[in-house]
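Protein chains get the first letters and strands the later ones, always in sequence-line order, with residue 1 at the start of each.
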Amino acid sequence: MANDTFLVLDPGTFTTIQDLGRFGYQTLGVPISGAMDAYSARAANILAGNSPTSAVLEMTIRGCTLAVMRNARVALTGARAEIRHNSIQRPSWSAFEVEPGDLLRISQVSLGCRIYMAVGGGFEVPLIMGSRSTCTQAALGGFRGRTLQKGDFLPAGHAEKIPGQNAIPGEFIPEMGQDTKLHCVPGPQDHMFRDKGRDLFTSPYSVTQRADRRGIRLEGPQIQHSHQSPGAIVSEPILPGNIQVPADGQPIILLREQTAGGYPKIATVVSTDLSKLGQVIPGDSITFLSVTAQKARDMNLEEQERFKSLQNMLWQET
Amino acid sequence: MSLKINNPRISHCADWGLLVEFGERIDPELNAWTRLVADRLRQCLTDSVLEVVTAYSSFLVIYDPALLDTEALRKTVLACCSEKKEDEAFQLSSTAEIPVCYEPEYAPDIEDVARFNNLTVEEVIDIHSGTEYLIYMLGFAPGFPYLGGLDQRLHTPRLDTPRKLLPAGAVGIAGSQTGIYPLASPGGWRIIGRTPLQLFDAGKKPPVPYYAPGDKLKFKRISSREFQRMAGEQSHGK
């Protein structure tokens, strides 16, 4: 097809197309999906000259190798990895131009978990139920509902804008490390835990092997349900960031591929910290910090402002 | 409505969710009330709300805090609850009839379910297809119905080891629940039949074409021949 822009030579471990999510269908059991690290996805898009909501590639643990078929501007953000453009090494959190015949090779991550790549004009897969995000469990959206495979041709749109700047300034690049601090608001069922769920905030938890787009199981000191609590509730809708605690007392942070849950939720991670969860890997440590709902709202508004100023800075004519 | 419904418990889910809980029960009237209030809310909030998600007896409002003040949202929710409890939600519900083939090739566990409950296979089919179920909510997977009303005589524990792959349309029993897997997936339910209908289709409007939360659902017994014919029609209709 005329808009095919890349040929996948090596798909990497788990690479999907994602945008900011598919909202409006959870009542039908269709999860939100969308980029796990939305901050990196949005940043890649504005570097590429796109709307922050355009579709990007989300690569997990090991990046992909792509042959370029058309002139395009690409931008990479997210986890630390080696980015090879032919023989040139490119820095992450920056954008550059590619030409037909070029080779792009993204290595295994050395810090973090997920790498994002945007292309000018966005990845042009069909808009399914309002989103281009992939939900692999339902074989829905993205590139034929699945992870990329060798031999796939990836279509892109036409860039409408060439940003004046090619790199995200350092102060806008999130820190990554093995110790992640997450702000969260107690509730909605903190009353079902001993001391209103104070246990969660008293020591760090570590990320287990059971960590994916659906949720992250943690391991650490057992969280006690209160004596009156049944330890399970009638299934409720869930929000990414809800921290549910089953009878074993080990918390699970729910993320983007599940619509309902039946365990009490001790607290909820603020939306602006969810992107950090897209970058944790098994063995990492997580410390929970309690904030009020008002503070969480302030954090959200501040980040929206900050992102706007970043976009203005990058899109300024030079 | 005979049920006495108290004001809901409204709690924050961080900065962009508001959870509204009407009670800790699985109850048809509470479920209808939950959906009714959620529908009213959907009608009076538009741009600032990403979605309102309903479950058994609670709903979640996902919103943009830059566009909507939490206190205003809370007041709107309460206003939607305080209006007169008319029978709006009941009037909208209909009964979906889902054809199911209970013949052995589609029902690997039906003999086990019969044996466990001291019934014949015929009795299992008669009871399962003779009951009207309520769709309380959809979840777990796109289009997966949480059904209420499975006859006690059919309650059967899950398989000890879940199957790696169940075909789309598999109808099963797990404990006191019965349900249908709209998409091929792993699962530990006892499979007693299969529907030829495609219960989730992203290309259709709505993508879950045959039923919605609040509807009644009945299983209609079909033969293997009818299954083949309907399955053929489904794939031709694409």
Side-chain angles (χ1 to χ4, degrees), chain A residues 21-32 126 128-129 135 137-141 145 183-191 230 233-242 258-262 265 267-274 291-301 303-305, chain B residues 9-21 23-27 30-31 35 38 42 49-62 64-67 69-70 136-146 168 182-186 200 202-203 205-208 211-213:
Chain A
R22 179 175 287 110
F23 289 89
Y25 297 95
Q26 289 196 89
T27 294
L28 300 181
V30 181
I32 296 173
I128 305 284
M129 296 161 68
C135 173
Q137 55 177 347
L140 179 69
H183 299 86
C184 52
V185 179
Q189 282 104 22
D190 49 329
H191 60 284
I233 58 171
V234 172
S235 282
E236 285 189 342
I238 56 163
L239 186 72
N242 273 156
Q258 193 176 329
T259 62
K265 297 169 280 286
T268 307
V269 179
V270 301
S271 65
T272 47
D273 277 356
L274 289 174
V291 295
T292 62
Q294 183 58 48
K295 170 74 180 165
R297 177 189 158 85
D298 293 345
M299 289 172 73
N300 181 311
L301 303 190
E303 204 205 49
Q304 293 199 29
E305 281 309 310
Chain B
R9 188 174 172 271
I10 302 179
S11 353
H12 294 284
C13 283
D15 49 312
W16 63 314
L18 200 72
L19 182 69
V20 180
E21 299 170 289
E24 269 292 302
R25 304 195 299 287
I26 297 180
D27 175 284
L30 199 56
N31 179 249
R35 280 181 286 98
R42 286 185 188 111
V49 164
L50 288 162
E51 68 176 313
V52 181
V53 190
T54 57
Y56 280 108
S57 55
S58 60
F59 65 79
L60 173 71
V61 188
I62 307 179
D64 182 344
L67 302 178
D69 177 69
T70 316
Y136 279 105
M137 61 181 278
L138 305 179
F140 168 68
F144 186 95
Y146 285 60
L183 303 165
S185 64
F200 177 76
K205 274 189 182 175
V208 181
Y211 48 76

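Only the side chain of A:L301 has a heavy atom closer than 4.5 Å to any heavy atom of chain B. For a residue to count as touching a neighbouring chain, one of its non-hydrogen atoms must lie under 4.5 Å from one of that chain's; by this rule B:L183 touches chain A with the side chain only. Interface remark: A:A296 contributes backbone and side-chain atoms alike to the contact with chain B (heavy atom separation under 4.5 Å). Proximity to chain B (any heavy atom under 4.5 Å) is restricted, for A:Q304, to the side chain, taken from C-beta onward. Proximity to chain B (any heavy atom under 4.5 Å) is shown, for A:I233, by both the backbone and the side chain. Both the backbone and the side chain of B:P65 come within contact range of chain A, judged by heavy atoms closer than 4.5 Å. At a 4.5 Å heavy-atom cutoff, the contact between A:I128 and chain B is made by side-chain atoms alone. Heavy atoms of B:V49 lying under 4.5 Å from chain A are absent altogether. Using a 4.5 Å cut-off between heavy atoms, B:S185 does not touch chain A at all. Neither the backbone nor the side chain of A:V291 comes within contact range of chain B, judged by heavy atoms closer than 4.5 Å.
In this structure, B:Y136 and B:Y56 have tilted ring planes: the angle between them lies in the 30° to 60° band.
Per-residue heavy-atom pair counts under 4.5 Å with chain B were compared for A:P31, A:A260, A:A293, A:G24, and the maximum is reached by A:G24. Between chain B and the options A:G29, A:P126, A:G21, heavy-atom pairs under 4.5 Å are most frequent for A:G29. Between chain A and the options B:S11, B:P182, B:P142, B:A212, the largest number of non-hydrogen pairs under 4.5 Å is found for B:P142. With chain A as partner, the option from B:G17, B:C13, B:A66 having the largest number of non-hydrogen pairs under 4.5 angstrom is B:C13. The greatest number of non-hydrogen atom pairs below 4.5 Å with chain A, out of B:V52, B:L19, B:I10, is found for B:L19. Between chain B and the residues A:P240, A:A139, A:G145, the largest count of heavy-atom pairs under 4.5 Å involves A:P240. The candidate from A:L239, A:T292, A:T259 with the greatest count of non-hydrogen atom pairs under 4.5 Å with chain B is A:L239. The candidate with the highest count of non-hydrogen atom pairs below 4.5 Å against chain A, out of B:S58, B:S57, B:G23, B:A55, is B:S58. Your options are B:P207, B:A38, B:G143, B:P206, and the one with the most heavy-atom pairs under 4.5 Å with chain A is B:P207.
A donor-acceptor pair under 3.5 Å links the side-chain atoms of B:D15 to the main chain of A:S271, judged by distance alone.
Taken from CZ in B:R42 to OG1 in A:T27, the straight-line distance is 4.5 Å, to the nearest 0.5 Å. If you take CG on A:L140 and CZ on B:F200, they are separated by 5.0 Å, rounding to the nearest 0.5 Å.
Proximity of A:V185 to A:V270: side-chain heavy atoms (C-beta onward) are separated by under 4.5 Å at one or more points. At a threshold of 4.5 Å between non-hydrogen side-chain atoms, the residues A:Q26 and A:I32 count as touching. A:V30 is not listed as a side-chain neighbour of A:C135, based on a closest heavy-atom distance of 4.5 Å or more.
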**OP:** Start with the C-alpha distance between A:N242 and A:Q258, add both sets of side-chain angles, then the distance that settles side-chain contact (heavy atoms from CB on, under 4.5 Å), and finish with yes or no.
**Re:** CA-CA 11 Å; A:N242 273 156; A:Q258 193 176 329; over 6 Å; no
**OP:** Before giving the answer on side chain to side chain donor-acceptor pair (under 3.5 Å), spell out for B:R9 and A:H191 the whole-Å C-alpha distance, their side-chain angles and the decisive distance to 0.1 Å.
**Re:** CA-CA 12 Å; B:R9 188 174 172 271; A:H191 60 284; 2.9 Å; yes
**OP:** Given side-chain contact (heavy atoms from CB on, under 4.5 Å), test B:D69 with A:R297 step by step and report yes or no.
**Re:** CA-CA 9 Å; B:D69 177 69; A:R297 177 189 158 85; 4.1 Å; yes
**OP:** Go through B:H12 and B:L18 one step at a time and tell me if the side-chain contact (heavy atoms from CB on, under 4.5 Å) criterion holds.
**Re:** CA-CA 5 Å; B:H12 294 284; B:L18 200 72; 4.1 Å; yes
**OP:** Given side-chain contact (heavy atoms from CB on, under 4.5 Å), test A:Y25 with B:V208 step by step and report yes or no.
**Re:** CA-CA 10 Å; A:Y25 297 95; B:V208 181; over 6 Å; no
